[in-house]
Each structure stands twice: as structure tokens, then as C-alpha cells.
Amino acid sequence: MPETARAKITALGAYVPPRVLTNQDLEKIVETTDQWILERTGIRERHVADKGIAASDLAVEAVKNLVKSHPMDLQEIDLIVVGTVTPDMMYPSTACLVQHKLGIHHTWGFDVSAGCSGFLYALNVGTEFIESGRYRKVLVIGSDVNTSMVNYEDRAVCIIFGDGAGAVLLEPANEGDDNVIVDHVAQVEGAGGAFLYMPGGGSLNPASPETVAKKMHYIHQDGQQVFKYAVKKMAEMTERVLERNQLTGADVDCFIAHQANKRIITATADRLKMPMEKVIINIDRYGNTTAGTIPLAMQSAVEEGKLKPGDTVLLAAVGAGFTSGATLLRWGF
Ligand code: COA
């Protein structure tokens with residue numbers, strides 16, 4: 001058996017499609033106002049993929065941006081893990097499509113379905129593979145085109161989502177390097193499935209004229225239930241991972257949460273007594289990009305000088321399922 005190792009994030013890339021949909025644009029589509037959206041969610045605008053652009057396309061662009069900032073031979077990648085709930089199609093997996101589009105040979109990969117926790121869960125999976133000692137270069141990607149599942153007549157849902165993707169490279173840390181993925185906690189509670197789901201197109205309700213007529217191919221959401229659960233669970237998961245590592249919010253240099261609603265993020269930060277300058281918020285520019293939010297927020301944090309080598313970073317997400325999780329790491333580059 002190979003020796004076990006700690007996993008480390010060594011590179012980052014993110015991507016959003018160029019087309020921007022502002023709150024003012026949405027005012028022309030549904031009965032809403034810029035002020036309502038901004039006050040209730042913190043979102044000003046979001047990027048939307050054009051027709052024909054799918055999750056694998058955004059993922060590929062994110063990986064290309066990763067390579068631009070961290071030149072490397074992609075042929076060395078031995079595993080691709082993609083967090084997504086908007087795969088290009090039911091199968092093949094998005095990971096297979098990304099492998100093919102990037103022309104990476106001698107690798108394997110698969111998708112992780114965890115709603116808005118998709119990137120965090122993919123990161124957990126990638127970390128375990130590095131820690132097994134068998135894998136040395138793992139691409140972890142979060143990519144979603146959730147606007148393709150949005151009913152633009154449902155004002156409580158269509159204002160939230162944007163499209164985007166991000167990718168990190170995981171490698172084994174060198175001996176003595178403590179800028180590693182330190183720990184993670186995660187939990188699923190399937191009873192919450194009824195509050196955020198897409199009922200059509202799966203094996204229960206295969207696509208048919210009837211499922212389309214009933215709008216079953218769209219996101220169905222009970223926003224208040226999701227909101228309440230997210231506030232409670234994000235606090236619980238972050239506290240759990242901090243406590244078991246004998247840390248408090250005061251020890252965290254950078255808090256990067258899934259960007260679903262600004263009020264969910266600030267409620268968690270308040271509970272952890274974290275000043276807002278340590279909290280990364282870019283939901284105003286991107287909306288909720290599902291599995292894309294955390295790597296996109298990492299990218300914003302790096303660009304804004306809020307994420308530096310050696311920083312203690314707390315990641316957290318809650319998503320459809322319900323899924324939730326929190327990850328503690330020290331930034332390495
Ligand atoms: N513009 C104007 N009014 C709107 C609106 C919009 N876009 N969407 C809903 N409303 C109205 C509702 O119809 C309701 O009107 P009523 O009081 O006359 O019935 C009122 O605003 C309040 O609706 P409510 O659902 O209580 O609003 P809210 O404060 O809970 O905000 C969300 C709605 C969706 C923004 C909020 O619940 C949320 O962010 N939930 C979490 C969603 C999420 O994170 N999903 C992704 C999962 S990771």
C-alpha cells in the first residue's frame with residue numbers, strides 16, 4: 001500500500017459565461033424590483049449561459065483558467081471529480097465529457113450530485129483519494145447551468161440563479177507542509193428533498209409531454225423552508241468542524257460559504273462572531289451558481305487579497321437534498 005498523505009489545494013481557476021442578466025432585466029420578465037431582490041438576497045446581477053452551453057463547457061473553461069495561472073501538463077491528472085446537478089445530460093457523466101474535451105488520457109472520473117453542496121462534496125471525495133496515497137493529481141470541479149432548469153415565470157426562483165464553474169487541483173502536501181485540507185464534516189437529510197427538487201426527467205417521471213405541461217422539468221422550491229434550514233445547518237456544520245479542531249470563529253482568516261443568499265452567509269458569520277472583512281461575498285455579481293459558488297468565491301478572495309498562503313479558511317455549504325457540509329483548510333499558494 002502507498003503511504004498516506006495530506007491533500008493540498010495547489011491551483012485554482014474559475015469561469016462565468018459572458019452574458020449578464022441584471023435585476024433590471026428581470027423587472028421586465030417577472031413582477032419584481034431591483035430593490036426587493038437586493039434586499040432579500042444580496043444579488044444585483046448574474047451570468048447566464050447561452051443556449052447550447054452546458055456544465056461541461058463551463059467546467060472546461062474553469063480548468064483552462066486554472067492552467068493559465070498554474071501551468072501544468074493536464075496529462076498528469078489521474079482523477080476528475082465534478083460536482084454538478086445540471087449535467088449536460090443524464091449520462092455520460094460530466095466528468096467523462098470534461099475528460100474528452102480537455103483531451104486528458106489515462107484518467108478516470110465521475111460526478112457528485114449534492115445540489116449546492118456539490119463542490120464541497122467533490123472536494124471531500126478528492127481529498128480522500130489523495131489521502132489514500134494512490135492518487136497524486138486530482139481535478140475537483142464545481143459546475144452548474146441551473147438557469148437551464150429555471151422557470152422564468154416563477155419570480156421566487158428565477159431571481160436567484162446564475163451559471164458558473166470553478167476548479168481546484170489537489171495534490172499531496174510535502175512532509176512538514178501544514179497548508180493542507182485539515183478536516184471536513186458533511187451530512188445529508190433526505191426529508192428535506194421535498195423543499196428543493198426537480199421532479200421531471202428522472203426514472204420516476206421520465207420526460208413526456210405531460211411532465212413538460214406540468215412544468216416538472218423546472219426547479220421547485222419552498223424558499224422559506226430552504227432558507228430556515230440553511231441558516232440553522234450552516235451554523236451547526238461550521239461550529240462542528242471548528243470545535244473538533246479546537247478552533248473558534250476568531251481563528252478563521254477567511255470564511256467562504258456557498259453564495260445562496262447574503263442573509264444566510266451573514267447570519268452564519270454573526271453566529272461565529274466573524275467580522276465581515278473575513279467573509280467573502282460575491283453573490284451580488286454572480287447570484288447562486290450552485291456548485292460553482294465556492295470556487296468562484298475563492299477566486300474573488302484571491303483577487304481581492306483576502307486569501308493568502310497560510311490563511312485558515314472555513315468553507316460551508318447547504319443544498320438540495322438536503323445536503324450540508326463544512327471544510328477547514330489552510331491555503332497553500
Ligand atoms: N419579487 C417580489 N416579490 C417576491 C419575489 C420577487 N422576486 N419573490 C417572492 N415574492 C413575494 C412573495 O410572493 C411573497 O408575497 P406575499 O407576502 O404577498 O405572499 C413575499 O414576496 C414574501 O415571500 P417569501 O417567500 O416569504 O420571501 P423570502 O423573504 O423568503 O425570500 C427567497 C424568498 C427565495 C429569496 C428566500 O426564501 C431564499 O433565499 N430562500 C433560500 C433559497 C435558496 O437559497 N435556494 C438555493 C438553495 S442552496
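Values in this document were obtained by computation on a predicted structure and should not be read as measured data. Below, each value reflects all heavy atoms present in this structure, side chains not excepted, and no hydrogens, waters or symmetry copies. Whatever order the structure lists ligands and atoms in, that order sets their numbers, starting from 1.
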Apply side-chain contact (heavy atoms from CB on, under 4.5 Å) to the pair Tyr121 and Val81, showing each step before the final yes or no.
-> CA-CA 10 Å; Tyr121 280 30; Val81 188; over 6 Å; no
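Nearest heavy-atom pair across Phe333 and Ile9 is CD2-O, 3.4 Å.
Using modelled atom types, one side-chain atom of Arg46 and one backbone atom of Leu21 make a donor-acceptor pair closer than 3.5 Å.
Leu97 belongs to no hydrophobic cluster, as no Ile, Leu, Val, Met, Phe, Trp or Tyr side chain comes under 4.5 Å of its own. Hydrophobic cluster of Tyr286: the remaining members, joined at side-chain heavy-atom separations below 4.5 Å, are Val16, Leu296, listed by chain and number.
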Sequence neighbours excluded and cut-off under 3.5 Å, please list the side-chain donor-acceptor pairs for residues 191-207, or say none.
unit_1	atom_1	unit_2	atom_2	d
Asn205	ND2	Pro199	O	3.1

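A distance limit of 4.0 angstrom between heavy atoms and ligand 1 selects the residues Glu31, Thr32, Trp36, Arg40, Thr41, Cys116, Arg155, Ala156, Ile159, Ile160, Leu196, Gln221, Gly223, Gln224, Val226, Phe227, His258, Ala260, Asn261, Arg263, Asn288, Val318.
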